[in-house]
Amino acid sequence: MLRESEARDRAAFIDLLASPEVGTYLGGPRPRDELEREMPEVPDRRPGHFVVDLDGAMIGQIILRRATGHGPPAAAGEPELGYLFLPEAWGFGYAAEACAAALGWFADALPGEPVVLFTQTANARSMRLAAKLGFTEVERFEAYGAEQWFGMRSPATRSD
Ligand SMILES: CC(C)(COP(=O)(O)OP(=O)(O)OC[C@H]1O[C@@H](n2cnc3c(N)ncnc32)[C@H](O)[C@@H]1OP(=O)(O)O)[C@@H](O)C(=O)NCCC(=O)NCCS
């Protein structure tokens, strides 16, 4: 289920951002003590930010927001998909199912808009997921000391 965040998700948000596995291709994990101090009581309750809930517990987060300046100029201001799942939820197809649902919601809310995505090319799981969701390569570029992949999903592509 996709839903907005609640206070009971706080520990899962901290686990997510403190996880070395999750942070491998995202600039590294954040220190747990810093997260414990700074995480709001209800984390990340913003438009386009979804908690992925499996049987009543948060297993990941999906973010749809306008791309800021971290990609090539062609992507600036375009809707961007991001996804982070707890490692114990990897390998079951949950990310693919949840992202397809979020993209379906988005296509209904803002018909005709493409969605962009950035990921490190070394992030094999993320690259496989992007392809499964119908994203195709626009270009590769260097940033943060690594090769980055800029993909786009055209409005006609529906994986749901
Ligand atoms: C990127 C990320 C979400 C991918 O998670 P994932 O679980 O591998 O992705 P999917 O939901 O597509 O699951 C695919 C796997 O589930 C398996 N699977 C098992 N049962 C399945 C089912 N019923 N349906 C579909 N897939 C299934 C697939 O075989 C596949 O495994 P494989 O990759 O070993 O072949 C996850 O690795 C992650 O959170 N990484 C950290 C954050 C990050 O790097 N984000 C990218 C930047 S935006």
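Start at 1 and go down the list; that is how both ligands and their atoms are numbered. Just so you know, these numbers come straight off a predicted model, no measurement behind them. Heavy-atom basis, side chains included; hydrogens, waters and symmetry copies ignored.
- Around atom 14 (C) of ligand 1, the closest heavy atom drawn from K132, E21, M127 belongs to K132.
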Kindly indicate, with the supporting measurements, whether the criterion side-chain contact (heavy atoms from CB on, under 4.5 Å) is fulfilled by L133 and V115. CA-CA 11 Å; L133 293 169; V115 178; over 6 Å; no

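- Nearest-residue assignment for atom 37 (O) of ligand 1 (options Y94, F85, F118, W90; heavy-atom criterion): W90.
- Polar contact with ligand 1: absent for S126 (N/O pair, distance under 3.5 Å).
- Taking only non-hydrogen atoms, the option from A124, S19, G91 nearest to atom 17 (C) of ligand 1 is G91.
- Within 4.0 Å of atom 47 (C) of ligand 1, at least one protein heavy atom is present.
- The shortest N/O to N/O separation between A95 and ligand 1 falls below 3.5 Å.
- Of the protein's heavy atoms, at least one falls inside 4.0 Å of atom 6 (P) of ligand 1.
- Only the side chain of N123 comes within contact range of ligand 1, with a heavy atom under 4.0 Å; no backbone atom does.
- Contacts of L26 with ligand 1, taken as heavy-atom pairs under 4.0 Å, involve the side chain alone.
- Counting heavy atoms from C-beta on, the side chains of T119 and Y25 never come closer than 4.5 Å.
- Within 6.0 Å of atom CD in E97, 12 or fewer heavy atoms from other residues, nucleotides or ligands are found, so the atom counts as exposed in its surroundings.
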